[in-house]
Amino acid sequence: MASVNRTQHQQLLRQLTPLLTDLSREMPLRTRYQRLLDVLKQVIPCEAAALLKLDGETLQPVAVDGLGKDTLGRRFEIAHHPRLAHIIRAEGAYLFPPDCPLPDPYDGLIDMQQGLVHDCMGCAIYIDDTLWGALTMDSLEVGSFSASDLPVLEAFASLAAASISTALHFDAIRHRANDQQRRAEAYRLQAHDAAGPVLDGQSNAFRTLQKNIDLVASSDMPVLITGESGVGKELVARALHERSLRADQPLVSLNCAALSENLIESELFGHVRGAFSGATQDRPGKFQMANNGTLLLDEIGELPLSAQAKLLRVLQEGELQRVGSDRDHRVDVRILAATNRSLDDEVKAGRFRMDLYHRLSVFPLHVPSLRERCDDILPLAGTFAEENRTRMALRALRFSPAAQQALIDYPWPGNVRELEHSIARAALMARSHADNSGVVTITERDLGLLTSPATPDTSPSPQSEPQQTRGLRDAVDDFQRHQISLAITQANGNVSAAARALAVDRANLVRLAGRLGIALPGKKRGANK
């Protein structure tokens, strides 16, 4: 007897060995499911076997052996199939008596079936204590299964659960790897597509910028990127990140001027559920999103003083607290800051912390204006023209000699961004009056730069004295004061309506008015607290 048992055990072990080997192998789910049934029918002979996965209130066959192929397309509602309901609710494997009156879900589905199912047993499959599905076995002959088969089926169901769990882990790891690869490729393409056309030039000023980028990119020190609006400060930041040791980590950007004052801390540091009205769940801030990578703080000069103090603490200690929490989170982030303001002047005016300014400006990097890189104007114009030619499906898009001279003579107060938009607009204008040859020529008129501010009318007004040349910053401030005051007057003192008319956020308008010394209607003391 012992010799017979030993032989049976050895045979069982040989039958199960392929499944044990499968635990360490990666294979398609359907293949793994089918191999389970192949081995099961060797261990316990039967006419039909099925592996079913729980999907809500139904059991869906994912592999069958001995059943018609159409079975894979069926959905067995548990409420309508009492035998399946009994199997998934039973403790361990369950064998139905031959005279059980409950209908069998596979009646008529077994290949070459001549009668109804007589023997049926099954066992639920649990993965991490959660019901995953079930194994079922059917035979057309009475007495095919016995009570001695139940522990074997239970053991097999446990082995099946381990195999399925392994497959799910393999699948999850593969999906994560594919997702990370797609994200990395998207970051690379985004940075290449955005930075490539702009960070290209031959002028001395541009070559100096490139040398400075190469010099500081590989370090972890903060960089303060300065320059006029439209020069490409964000693209310089992307170039710094691409050439850094953190290039395989995320580059996260936050425009400090685009958020109201009460949301800036949440965006920077995150918040916990219930921290304020609308905080329905925990949310990480930009610092944690950029952990081990790079964080670009664009328009850093717009950051309120209250947020500046907390930002300084993170830069000094590498720790932050989410809004509404006193728990510290450690972060490792390289900081890049960008501004079109003179932070030195902001410090003198008391609008920017001196200690934060010195912390950010370890390596100041000035991006030259387009006026300082005249040799790059026509090559950049050619780059943008080619982009528009492709977009419009033109055979050729070129500039007339007069248009080329107009591009060189124009001072480009909006810098590269203005140049890009001007070329796109001029291409549309030129196409509207072009012939059908597909060769479109952009003329001086198409560019619309005839009234170039390069030669402003400096003759004094009959009713005013000649004015001295003023700094650009002062002139911009005066213009903003005039526009804000005019908008408030036209809105009858309604600040929200004035903000809408100016197409800015109300909080940003209030903050800008405060900096410019404009008294807003209805402004109360302590309103910013």
Side-chain angles (χ1 to χ4, degrees), residues 12-78 80-81 83-85 87-88 93-94 104-113 117 120-140 149 152-182:
L12 179 62
L13 182 60
R14 283 195 300 270
Q15 291 169 335
L16 295 179
T17 297
L19 295 184
L20 297 174
T21 304
D22 287 350
L23 290 176
S24 60
R25 296 173 58 192
E26 185 177 1
M27 65 179 66
L29 276 174
R30 287 197 175 276
T31 302
R32 189 180 295 270
Y33 293 155
Q34 200 62 53
R35 286 171 67 87
L36 285 170
L37 295 188
D38 292 343
V39 174
L40 177 60
K41 289 189 68 176
Q42 294 178 33
V43 175
I44 306 176
C46 63
E47 268 76 40
L51 177 63
L52 304 102
K53 185 178 184 299
L54 183 66
D55 184 9
E57 298 299 320
T58 66
L59 283 168
Q60 173 187 349
V62 293
V64 296
D65 193 320
L67 294 168
K69 292 183 178 180
D70 63 300
T71 309
L72 290 172
R74 298 175 184 266
R75 303 293 183 270
F76 298 103
E77 293 189 29
I78 298 173
H80 297 163
H81 294 280
R83 288 206 183 201
L84 294 178
I87 289 173
I88 64 174
Y94 186 82
D104 193 284
Y106 305 127
D107 278 340
L109 299 180
I110 296 180
D111 289 344
M112 306 302 292
Q113 178 177 332
V117 173
C120 173
M121 68 176 180
C123 185
I125 296 177
Y126 284 84
I127 296 179
D128 296 332
D129 298 325
T130 300
L131 179 64
W132 181 88
L135 276 169
T136 62
M137 305 188 71
D138 291 274
S139 177
L140 298 178
D149 292 322
V152 177
L153 182 57
E154 287 183 20
F156 194 90
S158 298
L159 181 57
S163 182
I164 294 169
S165 179
T166 298
L168 295 176
H169 282 302
F170 274 132
D171 204 42
I173 291 172
R174 184 171 60 254
H175 281 303
R176 283 198 298 269
N178 291 340
D179 183 59
Q180 290 177 355
Q181 184 177 2
R182 285 193 298 268

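Because the structure is a prediction, the values reported are computed rather than measured.
- In terms of heavy-atom proximity, A85 sits nearest to I78 at CB-CG2, 3.6 Å.
- For the residue pair I88 and A124, the shortest heavy atom distance occurs at CA-CB, 3.9 Å.
- S165 OG to I125 CD1: the interatomic distance, rounded to the nearest 0.5 Å, is 12.0 Å.
- Rounding to the nearest 0.5 angstrom, the gap separating the CG atom in L135 from the CG atom in L40 is 6.0 Å.
- In this structure, P45 and Q42 approach most closely via the heavy-atom pair CD-O, 4.4 Å.
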Atom pairs and distances, donor-acceptor, side-chain atoms in residues 152-162, under 3.5 Å, two or more places apart:
unit_1 : atom_1 : unit_2 : atom_2 : d
E154   : OE2    : A93    : N      : 3.1
S158   : OG     : E154   : O      : 3.3

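- Looking at every heavy atom in both residues, T58 comes nearest to E77 through CG2-CG, 3.8 Å.
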Tell me which donor-acceptor pairs under 3.5 Å the side chains of residues 126-134 have, and how far apart each pair is, sequence neighbours excluded?
unit_1 : atom_1 : unit_2 : atom_2 : d
T130   : OG1    : D128   : O      : 3.4

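- Between atom CG of residue L140 and atom SG of residue C120 there is a gap of 11.5 Å, rounded to the nearest 0.5 Å.
- Counting heavy atoms from C-beta on, the side chains of L52 and V62 never come closer than 4.5 Å.
- Across C123 and I87, no two heavy atoms sit closer than the pair N-CG2, 3.5 Å.
- With sequence neighbours left out, K41 forms a side chain to side chain donor-acceptor pair (under 3.5 Å) with D65.
- Listed for the Q34 side chain is a donor-acceptor partner under 3.5 Å among the backbone atoms of V64.
- The ring-ring contact (aromatic ring centres under 6.0 Å, His included) analysis of residues 54-77, with sequence neighbours excluded, yields the pairs F76-H81, F76-Y106.
- Across M137 and I44, no two heavy atoms sit closer than the pair CE-O, 3.1 Å.
- Under a 3.5 Å cut-off, the side chain of R30 and the backbone N or O of A63 do not form any donor-acceptor pair.
- The structure places CG of L84 at 11.0 Å from CG of L54, a figure rounded to the nearest 0.5 Å.
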